[in-house]
Amino acid sequence: MVPSTRSGWIEVIAGVMFSGKSEELIRRVRRAVIARKRVQVFKSHLDARYAGLYTLSTHDGGTVEAEPVDCSEEIMGRRRPDTEVVAVDEVQFLDDGIVSVANALADQGVRVVLAGIDMDFRGLPFGPMPTLLAVAEIVDKLQAICVVCGDPAGRNQRLVNGKPALWDSPTIMVGGRESYEARCRHCHRVPRQDEDQTALL
Ligand code: ADP
Ligand code: ZN
């Protein structure tokens, strides 16, 4: 797994929602803590309900907690000089500056572990993820289970009021009840405005 004897590289865990990216990120962080590395975990859009998920105990009786960040620059600002592993979850919501931040940290000898959704609800590359996948030394793409047919799922199905969201629907929905499902390519639906809605469930 380790690409070089010198430390400092980028690992990306990519995939659809529910594919286990956070579980895998936390597994790697836990192992780094066992290896007595100094670790910092960041998460964009930290949801208080999940904050506890990222709380890990260290040997010296301390804890590693996820620190919420709104932009990539904040990671550089909060990074402690002795940190050896930087893990970032929900990286797709960060600005494109995360690419140079990740590269700079890796160049400085930090192991950078990034987890994020690689496609938006339309199936198009999402935010900084495609570039991060290109610059990373190690890439893992995880799949969920398609809730329609049970095959491996790589797509995020966006539903608005229980129906597939239209291709042109705004990225942030106002009103309407929005939800997401993991689906495979064949069960994924993104109807255009002029398509027959009755054929698409
Ligand atoms: P991610 O960070 O990729 O969104 P998580 O690590 O938060 O994923 O959650 C993964 C967990 O979600 C799985 O271990 C499983 O228990 C649960 N899960 C819920 N729906 C699905 C699904 N459709 N396919 C696979 N796992 C699912
Ligand atoms: Zn399917």
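These numbers were taken from a predicted model, which means no experiment stands behind them. Remember, it's 1-based here, ligands and their atoms both numbered in the order they're listed.
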- List the atom of Leu142, the atom of Glu24, and the distance in Å for their closest heavy-atom pair. CD1-CB, 4.2 Å
- When every non-hydrogen atom of Ala144 is compared with those of Phe18, the smallest separation belongs to CB-O, 3.6 Å
- Close-contact set for ligand 1 against Val147 heavy atoms, below 4.0 Å: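 Near Val147, the atoms of ligand 1 are 23 (N).
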- ligand 1 atoms in contact with Met17 (distance to a heavy atom under 4.0 Å):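 Selected atoms, number and element: 4 (O).
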- Quick one: which of Arg158, Arg155, Glu181 gives a side chain to side chain donor-acceptor pair (under 3.5 Å) with His188?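 When Arg158, Arg155, Glu181 are each tested with His188, the side chain to side chain donor-acceptor pair (under 3.5 Å) holds only for Arg155.
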- Query: Taking the non-hydrogen atoms of Ser19, is any one of them nearer than 4.0 angstrom to ligand 1?
  - Reply: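 Yes, that is the case, since the closest heavy atom of the residue is under 4.0 Å from the ligand.
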- Message: So is Val16 touching ligand 1 or not, going by heavy atoms under 4.0 Å?
- Response: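 Val16 counts as a contact of ligand 1 under the 4.0 Å cut-off.
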- Please indicate whether Asp70 has more than 12 foreign heavy atoms, meaning atoms of other residues, nucleotides or ligands, lying under 6.0 Å from its CG. no
- Message: Would you say that more than 12 heavy atoms from the other residues, nucleotides or ligands in this model lie under 6.0 Å from the CZ of Arg78, or not?
- Response: yes
- Query: Would Thr131 and Asp96 count as a side chain to side chain contact (heavy atoms under 4.5 Å, CB included) if you check the C-alpha gap in whole Å, the side-chain angles of each, and the deciding distance to 0.1 Å?
  - Reply: CA-CA 9 Å; Thr131 314; Asp96 290 344; over 6 Å; no
- So how far is it from Leu94 CG to Ser72 OG, rounded to the nearest 0.5 Å? 6.5 Å
- Nearest-option assignment for atom 14 (O) of ligand 1, heavy atoms, candidates Glu90, Glu23, Glu181: Glu23
- Query: Under 2.8 Å from the Zn ion (ligand 2), which protein atoms of type N, O or S occur, listed by chain and number?
  - Reply: Cys146 SG, Cys149 SG, Cys184 SG, Cys187 SG
